[in-house]
Amino acid sequence: MARLFQLAWLGLLLALPTSLPWLPELVGSPGKELPRMAQVLLMMAVTASLWLLSEPALRWMAKRHPGSINLPHRDYWLAPERREASLQRLAGLNACVGLLVLALVGGIQLHALLDHHPTWLQPSAWAWWLGAGLLHLGFFVVLWHTLRHFGKRPREHAPEPSRRPRLPDRYRR
């Protein structure tokens, strides 16, 4: 999954500038337009920042700034004996999120291109809604997998719940 994310990331990063000649002078809804160069640069900046979801970036953060990895029960999951397996699993989940965000950025760019070229093959409205629904479903599935893998500490390592000492009978009503 990490390789697929890296290829898609690089592909979108290279494809965004090539769309520049086909974009209109102003891109966006009336009153919220951007010049086409600014829109392409913005999309490229968003895409470039997704490098932080890559496996090399995750490993660099785990090594240099281990506190920046936000996991439930981080001390358990990033203990030396589980660290490599946890980082591998987290890298796969990060790649899934990265692919979904890349699909969103690519869809925004495609929508901007298709709006200006009505003679090109246009997807119907239900296709855009289906794409949005699939993106939501994808984010939900990744969240579910993340909670399934990292949500609870295994029972054999979970601390015993603290119990309040019972009050002597003379204090009970």
Side-chain angles (χ1 to χ4, degrees), residues 1-72 74 78 86-151:
M1 190 62 72
R3 292 277 181 237
L4 180 62
F5 167 70
Q6 291 170 353
L7 287 173
W9 178 77
L10 188 60
L12 184 61
L13 200 58
L14 294 175
L16 284 171
T18 62
S19 67
L20 195 61
W22 291 289
L23 286 171
E25 286 297 320
L26 293 175
V27 179
S29 302
K32 302 181 229 173
E33 300 104 350
L34 277 176
R36 65 178 164 191
M37 181 61 101
Q39 197 265 350
V40 168
L41 288 175
L42 176 67
M43 290 296 138
M44 286 180 69
V46 169
T47 303
S49 70
L50 291 178
W51 179 81
L52 292 173
L53 292 174
S54 69
E55 187 174 355
L58 176 69
R59 294 197 179 280
W60 176 79
M61 283 192 298
K63 185 178 179 183
R64 300 280 293 167
H65 307 287
S68 65
I69 297 177
N70 189 10
L71 282 176
R74 176 179 47 209
L78 295 180
S86 295
L87 288 176
Q88 192 69 31
R89 187 177 298 151
L90 191 59
L93 292 168
N94 276 0
C96 290
V97 170
L99 283 169
L100 291 168
V101 176
L102 286 174
L104 178 65
V105 171
I108 291 169
Q109 191 71 8
L110 180 64
H111 192 272
L113 279 169
L114 292 177
D115 266 355
H116 186 65
H117 296 284
T119 58
W120 292 3
L121 181 63
Q122 299 285 323
S124 59
W126 66 266
W128 292 109
W129 284 106
L130 178 65
L134 289 174
L135 276 175
H136 279 87
L137 180 64
F139 280 116
F140 177 75
V141 167
V142 170
L143 177 65
W144 179 75
H145 276 286
T146 304
L147 290 175
R148 196 178 108 221
H149 288 299
F150 295 111

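Keep in mind that the numbers below use all heavy atoms, side chains included, and drop hydrogens, waters and symmetry copies.
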Exercise. Any donor-acceptor pair under 3.5 Å linking the side chain of His149 with the backbone of Arg89?
Worked result: no

For this session: Check for a donor-acceptor pair, side chain of Gln122 on one end and backbone N or O of Asp115 on the other, with a separation under 3.5 Å.
Result: no

Exercise. Take atom CH2 in Trp126; do more than 12 heavy atoms of anything else shown fall under 6.0 Å from it?
Worked result: no

Exercise. Do other residues, nucleotides or ligands put more than 12 heavy atoms under 6.0 Å from the NE2 atom of His117?
Worked result: yes

Exercise. What's the verdict on side-chain contact (heavy atoms from CB on, under 4.5 Å) for Val27 and Val40, showing C-alpha distance, side-chain angles and the deciding distance?
Worked result: CA-CA 10 Å; Val27 179; Val40 168; over 6 Å; no

Exercise. Got a sec, which pairs hit side chain to side chain donor-acceptor pair (under 3.5 Å) with one end in residues 34-47, sequence neighbours left out?
Worked result: Glu25-Arg36, Gln39-Gln109

What's the separation between atom [atom1] in [X] and atom [atom2] in [Y], rounded to the nearest 0.5 Å?
{"X": "Thr119", "Y": "Leu114", "atom1": "OG1", "atom2": "CG", "result": "10.0 Å"}
{"X": "Leu71", "Y": "Thr146", "atom1": "CG", "atom2": "OG1", "result": "9.0 Å"}
{"X": "Lys63", "Y": "Leu58", "atom1": "NZ", "atom2": "CG", "result": "13.5 Å"}
{"X": "Leu52", "Y": "Met61", "atom1": "CG", "atom2": "CE", "result": "6.0 Å"}
{"X": "Trp129", "Y": "Leu134", "atom1": "CH2", "atom2": "CG", "result": "13.5 Å"}
{"X": "Trp144", "Y": "Leu137", "atom1": "CH2", "atom2": "CG", "result": "12.0 Å"}

Tell me every residue that passes side chain to side chain donor-acceptor pair (under 3.5 Å) with [X], counting only those two or more places apart in sequence or in another chain.
{"X": "Arg148", "value": "His145"}
{"X": "Glu55", "value": "Arg59"}
{"X": "His116", "value": "none"}

Side chains of [X] and [Y]: closer than 4.5 Å at any heavy-atom pair?
{"X": "Leu41", "Y": "Leu16", "result": "no"}
{"X": "His65", "Y": "Trp60", "result": "yes"}
{"X": "Leu50", "Y": "Leu13", "result": "no"}
{"X": "Leu34", "Y": "Leu26", "result": "no"}

Which heavy atom of [X] sits nearest to which heavy atom of [Y], and what is that distance?
{"X": "Ala15", "Y": "Thr18", "result": "O-OG1, 2.5 Å"}
{"X": "Gln6", "Y": "Pro56", "result": "NE2-CD, 3.8 Å"}
{"X": "Met44", "Y": "Pro17", "result": "SD-CG, 3.7 Å"}

For this session: State which residues pass ring-ring contact (aromatic ring centres under 6.0 Å, His included) with Trp128; sequence neighbours excluded, sorted by chain then number.
Result: His111

Using a 3.5 Å cut-off and no angle test, enumerate the donor-acceptor pairs between side-chain atoms of residues 93-108 and protein atoms at least two apart in sequence or in another chain.
none

